[in-house]
Enquirer: 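This is the structure, below, for whatever I ask next.
Proteins get letters first, then strands, A, B, ... in listed order; numbering begins at 1 in each.
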Amino acid sequence: MPNIRYANMSHWKTIPYKQIDNFREFYYEDKTNTAYYSDWDTILKYQSALGFNGIEIAPWDLADLVPLFGSAENFAAFAKDRGVEVIGMFHGAHASHDPAHYDEAIRAGREAVDTIAKFGGQYMNTCPTQNYCGTGPLSREEVQQCAKVMNEIGAYATDHGIKIGLHNEFFCAINLPNHRELIESTDPKLVHYCIDTAQIAIMGEDLCTFYSDYHDRISTFHLKDTASAGQPDSVRYAQDPEITDDGKRWFWEPGMGQLDLKGLYRLLKKHEFKGWMSVEYDGSPDLLASMALTRHYLDNELRPIYD
Amino acid sequence: MNTEAIAISLDLINRHYQEPNRNRYESRYFWEELYPLIAAAGFSTIEMPYEPVWQFGGRTGVPFNEYCVNAKYENAANYRAFLKDNGIEAVTGITFDPNLFMRNDEIDFFFGATGHFGSQALSHAAEMGADYLAISPSAYYGRVAQYHPDIDNRMEEFAERTIKMLGTLAEKAGELGVTLVLRNEYWSLFAGERIIPIADALQDGVKLDVDTASLFVGGISPESFIASNIARIGSVHLTDTDFVDKGETWKTPNPEFPSGQATQVYRDPGTGSVDLAGIAGLLDRLDYNGPVICSARQTRDPFRALLRTRALLKTLSI
């Protein structure tokens with residue numbers, strides 16, 4: 001068993017079919033590449049063929065995904081038959097800084113944990129609040145309230161065999177001034193951390209320094225590259241900055257940006273990281289191409305350092 | 001038929017389903033490049049979906065709700081002026097469907113969220129100067145059945161709740177001067193002629209929408225439906241299809257993408273089996289002069305669909 005196993009955070013948007021059994025007929029319907037991107041059977045085969053044996057579910061897909069398969073358990077079995085296991089799900093802990101939304105945030109967090117358990121997953125990568133714009137800056141009390149919610153959800157998750165990992169976005173209300181304060185305000189036994197390599201770099205953290213400082217808290221990763229580290233407040237605090245007006249990409253395939261991912265892998269080796277790592281391609285114009293490029297970079301540049 | 005007045009629905013941009021580079025649909029630049037192309041294809045009026053999901057997702061580049069419009073253009077008036085500068089003279093109508101809210105077994109959540117966001121959609125329609133809000137009164141039957149497996153025994157309850165919710169929306173629509181029209185997709189709890197009792201229970205100002213493809217798939221002649229209900233028709237969607245529902249696809253969780261078949265429900269106007277020319281002629285003979293919209297929903301090539309639709313309409317021009 002390798003030290004690191006690789007998964008994909010699912011950014012396929014809505015996949016309308018379980019399985020296309022009549023692929024040739026489908027192709028001749030319009031003679032485009034639509035069929036290649038329309039069913040879970042094919043998507044999971046891409047993953048399996050490229051050595052991504054895990055998938056992290058996106059919560060915004062559940063409304064379509066669950067009825068399509070009938071249940072979370074059915075999807076997990078379908079994926080497993082194709083060599084892919086569900087490792088977890090992303091979760092947005094909306095309004096967790098606000099005491100008035102405490103019950104709602106806890107309830108939503110517990111429901112997400114229950115959902116992950118049905119999929120057979122192990123991780124819940126959890127964004128601790130919503131966007132900075134309209135919410136930030138957070139007071140010291142609001143950061144502590146957020147930590148309280150994370151601890152509570154973390155306790156429930158731990159009891160159900162699931163690790164929650166804080167997952168910070170560069171545009172979140174928890175931002176550079178209080179990022180580390182939140183981590184250090186949570187219980188290390190209950191709340192872990194998922195490093196989204198590009199998000200924290202854009203926010204202003206140095207990737208390798210951050211990992212060195214918090215290596216014992218890291219549950220998993222969202223691995224991706226960026227060429228836009230250290231964005232100013234005016235960008236991070238803007239309204240909905242993730243999708244840019246002009247099509248600028250924040251996120252790139254590993255090796256296509258400027259992050260010191262080789263330095264990170266040397267640190268992973270030093271600290272003997274073991275576990276799952278999700279690769280994330282949000283913003284990619286072609287997820288299959290991104291997946292193949294990532295596999296090439298992993299095999300030729302990163303895995304020789306540590307795997 | 002005056003084809004110059006026919007609107008094109010922006011549902012031809014498939015925001016939800018995967019294809020390479022679908023992400024570009026979430027950026028402002030994509031839409032702002034699209035408007036002149038719509039005008040170049042001969043359409044000066046559009047219909048827009050109202051989709052709260054883009055508000056939740058923080059993707060304000062998609063101009064499909066008031067939050068996004070306000071985020072990018074400050075207000076609806078600025079956005080309308082921008083559209084006009086790019087050859088789009090008017091937003092004819094807004095569409096709204098509640099599938100997003102059928103996600104658990106809490107019926108109060110479904111009707112509460114549908115009513116709340118349907119009301120927002122009405123306000124948005126008024127601000128956009130739209131003639132109508134076309135609302136789907138039901139989520140997919142199959143999606144309802146996922147969370148309410150006893151739905152066949154609870155139709156009366158769902159119908160009562162639907163009428164109550166729509167009645168509130170109709171009241172607001174009347175105040176705003178927007179016509180509320182009811183869609184009757186073939187996958188709905190109130191498909192085809194089952195929409196009639198719902199409409200009968202509502203205020204007189206509530207009208208019916210005609211979706212020609214959906215009626216066709218449901219085994220109802222669009223011509224007969226139009227002729228029987230012409231006095232209460234508030235909008236007509238000229239949609240096309242080649243789909244035949246042989247296996248009760250309408251009851252499945254994702255009926256817009258029939259499992260096991262390559263053919264989607266909708267095809268680009270003019271490439272399916274619906275006699276759109278005959279329907280246009282019938283509307284003329286019946287002196288229908290309400291909104292007419294072409295929809296290339298589910299198209300696999302929106303830019304080709306725009307031109308295919310224009311090519312069809314040229315054959316209808318007198």
Enquirer: Looking only at heavy atoms, what is the nearest atom pair of Gly70(A) and Gln146(B), with distance?
Expert: O-NE2, 3.1 Å
Enquirer: Please say which of Gln264(B), Arg304(B), Arg267(B), Arg300(B) ends up in a side-chain hydrogen bond (donor to acceptor under 3.5 Å, both in side chains) with Asp30(A).
Expert: Arg300(B)
Enquirer: Hey, which of Ile43(A), Ile15(A), Val66(A), Asp21(A) has the most heavy atom pairs under 4.5 Å with chain B?
Expert: Val66(A)
Enquirer: Test side-chain contact (heavy atoms from CB on, under 4.5 Å) on Asn23(B) and Lys13(A) and set out the steps.
Expert: CA-CA 9 Å; Asn23(B) 291 314; Lys13(A) 305 298 177 190; 3.8 Å; yes
Enquirer: Does atom NZ of Lys251(B) have more than 12 heavy-atom neighbours from other groups under 6.0 Å away?
Expert: yes
Enquirer: Quick one: CH2 on Trp60(A) to NE2 on His16(B), what's the gap to the nearest 0.5 Å?
Expert: 15.0 Å
Enquirer: Might you confirm whether atom CD of Glu33(B) has over 12 heavy atoms from other residues, nucleotides or ligands at distances under 6.0 Å?
Expert: no
Enquirer: Hey, does Tyr17(B) have a side-chain heavy atom less than 4.5 Å from the side chain of Ser38(A)?
Expert: no
Enquirer: So what's closer than 4.5 Å to chain B heavy atoms on Asn22(A): side chain, backbone, both or neither?
Expert: side chain
Enquirer: Heavy-atom distances under 4.5 Å only: say whether Glu25(A) touches chain B with side chain, backbone, both or neither.
Expert: both
Enquirer: So how far is it from Ile243(A) CD1 to Tyr29(B) OH, rounded to the nearest 0.5 Å?
Expert: 10.5 Å
Enquirer: Identify which part of Arg103(B) has an atom lying under 4.5 Å from any heavy atom of chain A, answering side chain, backbone, both or neither.
Expert: side chain
Enquirer: Just verifying a value: how many Å separate Asp240(A) CG and Glu26(B) CD, rounded to the nearest 0.5 Å?
Expert: 11.0 Å
Enquirer: Taking atom CZ of Phe109(B) as the centre, does the number of heavy atoms from other residues, nucleotides or ligands within less than 6.0 Å exceed 12?
Expert: yes
Enquirer: Chain A heavy atoms under 4.5 Å from Phe101(B): which part of the residue, side chain, backbone, both or neither?
Expert: neither
Enquirer: Can you name the nearest heavy-atom pair linking Gln239(A) to Tyr67(B), along with the distance?
Expert: NE2-OH, 3.2 Å
Enquirer: With a 3.5 Å distance limit and no angle check, can you tell me whether Ser27(B) reaches the backbone of Thr244(A) through a side-chain donor-acceptor pair?
Expert: yes
Enquirer: Under 4.5 Å from any heavy atom of chain B, what part of His11(A) do you find: side chain, backbone, both or neither?
Expert: backbone
Enquirer: Take atom CZ in Phe82(B); do more than 12 heavy atoms of anything else shown fall under 6.0 Å from it?
Expert: yes
Enquirer: Measure distances from Asp64(A) to the heavy atoms of chain B and classify the residue's part below 4.5 Å as side chain, backbone, both or neither.
Expert: both
Enquirer: Tell me, side chain or backbone of Ile20(A) under 4.5 Å from chain B's heavy atoms, or both, or neither?
Expert: neither
Enquirer: Contact part of Phe30(B) toward chain A, heavy-atom cut-off under 4.5 Å: side chain, backbone, both or neither?
Expert: neither
Enquirer: Going through the distances and angles, do Glu19(B) and Thr34(A) end up as a side-chain contact (heavy atoms from CB on, under 4.5 Å)?
Expert: CA-CA 6 Å; Glu19(B) 63 169 53; Thr34(A) 302; over 6 Å; no
Enquirer: Indicate yes or no for a side-chain donor-acceptor contact from Asn254(B) to the backbone of Pro16(A) under 3.5 Å, with no hydrogens or angles considered.
Expert: yes
Enquirer: Considering only heavy atoms and a distance below 4.5 Å, find which of Thr252(B), Thr263(B), Asn99(B) pairs most often with chain A.
Expert: Thr263(B)
Enquirer: If I take atom CG from residue Leu62(A) and atom CG from residue Asn104(B), how far apart are they, to the nearest 0.5 angstrom?
Expert: 11.5 Å
Enquirer: Could you look at Glu32(B) and say if it's the side chain, the backbone, both or neither that has a heavy atom under 4.5 Å from chain A?
Expert: neither
Enquirer: Side chains of Leu68(A) and Phe257(B): does their closest heavy-atom pair fall under 4.5 Å?
Expert: no
